[in-house]
Amino acid sequence: MSATIRKRIETLRREIQRHNRLYYEDAAPEISDAEFDALLRELAELEAKHPQYRRPDSPTQRVGGAPDQAFPSVRHAVPMLSLDNTYNVDELRAFHDRVLKLLAEEEPRYVLEPKLDGVAVSLHYAGGRYTRAVTRGDGRTGDDVTRNVGTLRGLPQRVRAAWPEFEVRGEIYMPVSDFERINAARDAAGEKPFANPRNATAGSLKMLDREAVAQRPMTLFVYQLVEAEAHGLTSHWQVLQALRKSGFPVNPHNRRCRDVDAVLAAIDSLRAERDHLDYQIDGVVIKVDSLPQQRELGATAKAPRWGIAFKYEAEQAETRVNDILLQVGRTGVVTPVAELEPVWLTGVTITRATLHNRDEIERLDVRVGDSVVIERGGDVIPKVVRVLEQKRRGREKHFRFPKKCPSCKTLLVEAEDEVAIRCENPSCPQQLQRRLEHFASRSAMDIAGLGSQNVHLLLERGLVRDFADLYRLRVEDLLQLDRFAEKSARNLVDAIAASRERPWRNKLFALGIRHVGVSSAAVLASRYPDLDSLLQAGEEELQELEDVGPRVAASIVSFLHARGNRRLLDELRELGVLGPEHRRPAVAQSLAGLTFVLTGTLAHMTRHEAQAAIEARGGRVTSSVSKKTDYVVIGADSGSKAEKARALGRPILDEAAFADMLQRA
Ligand code: IVH
């Protein structure tokens with residue numbers, strides 16, 4: 001018995017960590033918030049019942065994902081906590097009862113705020129000026145995104161605040177109307193659209209090119225002043241007013257509520273307005289108003305006891321299924337999709353909904369012509385939740401799941417231990433299309449200009465049959481196609497050639513091995529520095545890696561050793577895409593052990609290029625100047641860090657001296 005419980009606890013922890021990574025680091029969640037919360041609750045309950053299995057590093061004790069390496073890490077002076085969720089009135093009343101009990105029956109007032117579905121950020125101001133922005137990260141340490149956040153329209157660069165130095169927190173989001181415009185443009189350019197505005201925001205904030213970030217229409221609302229009592233305020237409502245007066249964007253839908261009934265009424269009235277807002281909200285946040293009461297209630301390691309989120313149910317709409325189509329994914333999985341009578345739902349017109357797999361069609365008993373209820377969580381792609389059987393008129397048609405692949409007519413295969421039905425023909429045209437799109441995508445080989453339309457064209461004209469063929473394309477080949485002129489053809493050939501320089505972890509991800517996502521590819525790449533060492537690894541050895549279970553290990557080994565793939569890998573090696581002989585010459589580790597701080601704007605390189613150059617030579621870049629800093633590199637408009645360096649007597653390099661150091665290194 002106890003072994004089964006321990007196993008379940010371990011599985012839950014692993015799964016939750018994986019979903020945390022997908023959500024926070026990859027900005028590509030696979031499950032809804034409600035599903036995630038259900039896993040977390042199950043784990044918390046098991047841990048409560050079986051305290052012998054509690055661990056300080058359990059996801060029930062921590063918030064979110066780990067910080068991103070591409071942006072310098074910054075430790076939060078006050079941790080950025082998360083909020084517990086409630087889903088119905090009873091749970092909300094239970095929260096209120098807990099608050100009452102802890103406050104020895106002293107009735108609290110509440111503030112209710114829309115819960116924006118965006119990206120949390122902490123903003124620092126000194127002397128009325130914006131100085132720094134840090135993401136939540138794992139709650140203790142986040143990423144320095146000062147430059148990117150500095151481009152946001154809604155961000156005040158200067159404020160009229162009464163406090164000399166302070167930190168405010170809020171949510172960065174992308175308005176729904178802008179999100180749709182961007183997605184339409186991505187679609188037209190053959191790029192993969194974002195699943196929802198939150199992913200678009202998270203992805204945009206992590207771009208390395210500041211100019212590109214500035215093109216992304218993001219803005220923010222603030223909802224917290226860190227250590228507000230120390231700034232002389234006594235209620236959260238006062239905080240919100242003070243922030244608005246100082247020039248910060250504060251959500252106009254925030255409400256002060258005298259008691260829990262007023263909270264419930266405000267929840268209902270905001271639900272009714274939800275569709276008319278130009279941003280996605282997934283619920284509301286309810287906070288105890290009095291700051292002394294907040295202090296008395298305190299927090300757990302993960303969330304405050306003075307606040308809670310109330311999640312709205314996913315929005316639903318009724319429509320008709322006009323047809324059921326099948327899509328073949330890059331790993332051959334065949335997914336049924338319902339073509340719908342267009343219907344308006346949470347601000348967008350919906351024309352398709354996923355039906356997941358054949359079992360789901362059977363479970364729902366959905367037929368072509370049926371009236372159905374569809375539901376949209378946070379994502380663009382909704383799902384069919386149920387059929388309105390009372391609306392059937394006898395003309396609806398049962399859907400027969402075909403025996404053959406809709407793209408290549410190969411007999412479909414049903415694996416015993418999976419619900420998925422797949423096409424196992426490695427040269428199936430639709431799979432090839434998806435595999436090539438994946439190969440060229442941003443987190444993989446990042447080949448600009450190779451979107452779905454160009455992939456389609458190359459496949460259709462027989463110019464490309466696999467990844468290796470891409471690297472054999474010549475400008476003359478492309479010039480045969482109407483779509484290409486001399487310049488665009490040259491650009492594409494160059495972009496493909498340049499992708500040889502992508503890091504090994506991207507290449508590994510690009511291969512599209514089943515169950516190997518961005519994060520497991522990175523884990524594999526750091527353990528196995530090249531293709532040859534990975535080819536030597538057996539299933540058992542692979543399973544020793546964090547994140548690699550038996551299923552993933554088996555999939556890697558079978559991919560790498562399948563005959564067709566071996567030939568492909570060899571060809572990619574010959575073409576200089578994979579393999580140790582084509583790695584860039586090692587850079588001498590001349591800056592090993594040295595710590596740098598970068599400040600101000602350099603004229604000839606971006607901050608990230610400077611950081612990469614230091615790291616490639618073995619040095620480290622940190623964000624704040626201390627006695628341990630070896631060099632401070634200053635560019636134009638460098639501020640307090642340069643002063644601090646002088647005060648601490650740390651060596652300062654201007655851009656020319658820094659370039660010189662890199663040259664010699
Ligand atoms: S207060 C310690 N207020 O929801 C309390 N959070 O699930 C921290 N969020 O990390 C947050 N709107 O990203 C707060 N009005 C609001 C919010 C809000 C959205 C997000 C925020 C936070 C997450 C917690």
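The basis for the numbers below is simple: all heavy atoms, side chains too, and nothing from hydrogens, waters or symmetry mates. The chain is numbered in sequence order, starting from 1.
No side-chain heavy atom of Phe399 sits under 4.5 Å from any side-chain heavy atom of Val366. A heavy-atom distance below 4.5 Å is not found between the side chains of Val464 and Val455. The shortest side-chain heavy-atom distance between Gln453 and Arg483 falls under the 4.5 Å cut-off. The closest side-chain heavy-atom distance from Asp477 to Val493 is not below 4.5 Å. Counting heavy atoms from C-beta outward, Ile16 and Phe36 have side chains that approach closer than 4.5 Å. Put simply, the side chain of Glu375 reaches to within 4.5 Å of the side chain of Gln316, judged on heavy atoms. Counting heavy atoms from C-beta on, the side chains of Leu388 and Val372 never come closer than 4.5 Å. Side-chain contact between Thr319 and Ile374: present, with at least one pair of heavy atoms (C-beta onward) separated by less than 4.5 Å.
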Inset, instruction - Check the pair Leu458 / Leu481 against side-chain contact (heavy atoms from CB on, under 4.5 Å), numbers first and verdict last. - result: CA-CA 9 Å; Leu458 295 175; Leu481 310 174; 4.2 Å; yes

Inset, instruction - Dump the intermediate steps for side-chain contact (heavy atoms from CB on, under 4.5 Å) on Leu511 and Asn565, then the final yes or no. - result: CA-CA 10 Å; Leu511 292 175; Asn565 288 341; over 6 Å; no

Legend entry - Evaluation steps, side-chain contact (heavy atoms from CB on, under 4.5 Å), between Leu412 and Val334: CA-CA 9 Å; Leu412 296 172; Val334 178; 3.8 Å; yes

Inset, instruction - Take Glu539 and Gln543 through the side chain to side chain donor-acceptor pair (under 3.5 Å) test and state the conclusion after the steps. - result: CA-CA 6 Å; Glu539 273 186 51; Gln543 283 185 46; 4.7 Å; no

Legend entry - Verdict with supporting geometry, Phe509 and Arg502, side-chain contact (heavy atoms from CB on, under 4.5 Å): CA-CA 11 Å; Phe509 173 63; Arg502 300 287 170 259; over 6 Å; no

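Considering every non-hydrogen atom in both Ala314 and Arg376, the closest pair reads CB-O, 3.6 Å. Contact record, Gly512 with Thr331: O-CG2, 4.4 Å, taken as the closest heavy-atom pair. Residue Asn425 comes nearest to Cys408 through the heavy atom pair ND2-SG, 3.3 Å, listed as atom of the first residue, atom of the second, then distance. Nearest approach of Ala444 to Asn506, heavy atoms of both residues: O-ND2, 3.0 Å. A pairwise comparison of heavy atoms in His515 and Ser555 identifies CD2-CB, 3.9 Å as the closest pair. The two residues Phe401 and Pro336 come nearest to each other via the heavy atoms CE1-CG, 4.1 Å.
With hydrogens and angles left out, the side-chain atoms of Glu574 and Tyr471 include no donor and acceptor closer than 3.5 Å. No side-chain N or O of Ser488 forms a donor-acceptor pair with one of Asn491 less than 3.5 Å apart.
Between the Arg435 side chain and the Ala510 main chain, no donor and acceptor come within less than 3.5 Å of each other. The closest donor-acceptor contact from the side chain of Asp117 to the backbone of Gln280 lies at 3.5 Å or more, if one exists at all. Not one N or O on the side chain of Asp143 forms a donor-acceptor pair closer than 3.5 Å with the backbone of Val145. In terms of modelled atom types and a separation under 3.5 Å, the side chain of Glu396 and the main chain of Gly394 share a donor-acceptor contact. The closest donor-acceptor contact from the side chain of Arg500 to the backbone of Leu575 lies under 3.5 Å. Side chain of Asn454 to backbone of Gly449: a donor-acceptor contact under 3.5 angstrom is found. Asp466 places a side-chain N or O within 3.5 Å of a backbone atom of Asp469 that can act as its donor or acceptor partner. Remark: side-chain polar atoms of Trp344 are not paired, donor with acceptor, to backbone N or O of Ala317 under 3.5 angstrom. Under the 3.5 Å distance criterion, the side-chain polar atoms of Ser204 are matched with a main-chain donor or acceptor of Ala200.
For the atom pair CG (Leu473) and CG (Leu450), the distance works out to 9.0 Å, reported to the nearest 0.5 Å. Ile172 CD1 to Arg198 CZ: the interatomic distance, rounded to the nearest 0.5 Å, is 12.0 Å. To the nearest 0.5 Å, the span separating CG on Leu457 from CG on Leu463 amounts to 8.0 Å. The distance from atom CZ of Phe71 to atom OG1 of Thr135, rounded to the nearest 0.5 Å, is 9.0 Å. Rounding to the nearest 0.5 angstrom, the gap separating the OG atom in Ser533 from the CH2 atom in Trp504 is 7.0 Å. A distance of 11.5 Å separates CZ in Phe439 from CG in Asp446, rounded to the nearest 0.5 Å.
Salt bridge annotation for Asp365-Arg363: absent, with no cationic side-chain nitrogen under 4.0 angstrom from a carboxylate oxygen. Ion pairing between a basic and an acidic side chain is recognised when a charged N comes within 4.0 Å of a carboxylate O; Arg8 and Glu42 show such pairing. Note on Lys391 versus Glu318: salt bridge recorded, some NZ/NE/NH1/NH2 to OD/OE distance being below 4.0 Å. With respect to the salt-bridge test (charged N to carboxylate O, under 4.0 angstrom), the residues Arg567 and Asp570 do not qualify. Under the 4.0 Å criterion applied to side-chain N and carboxylate O atoms, Glu414 and Arg358 are assigned as salt-bridge partners. Salt-bridge formation is not detected for the pair Glu10/Arg13: no Lys NZ or Arg NE/NH1/NH2 atom is positioned less than 4.0 Å from an Asp or Glu carboxylate oxygen. A salt bridge links Arg392 to Asp370: at least one charged side-chain nitrogen sits closer than 4.0 Å to a carboxylate oxygen. Using a 4.0 Å cut-off between charged side-chain N and carboxylate O, Glu486 and Arg490 make no salt bridge. Using a cutoff of 4.0 Å between basic side-chain nitrogens and carboxylate oxygens, Glu571 and Arg472 are scored as salt-bridged.
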Taking distance alone, no hydrogens or angles, what donor-acceptor pairs closer than 3.5 Å link side-chain atoms of residues 322-330 to residues at least two apart or in another chain?
unit_1 : atom_1 : unit_2 : atom_2 : d
Asn322 : ND2    : Glu341 : OE1    : 3.0
Arg330 : NE     : His438 : ND1    : 3.4

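More than 12 heavy atoms of other residues, nucleotides or ligands sit less than 6.0 Å from atom CD of Glu476. Heavy atoms from other residues, nucleotides or ligands lying under 6.0 Å from CZ of Arg505 number 12 at most.
Note on residues 507-519: pairs passing salt bridge (Lys or Arg N to Asp or Glu O under 4.0 Å), not counting sequence neighbours, are Glu418-Arg514.
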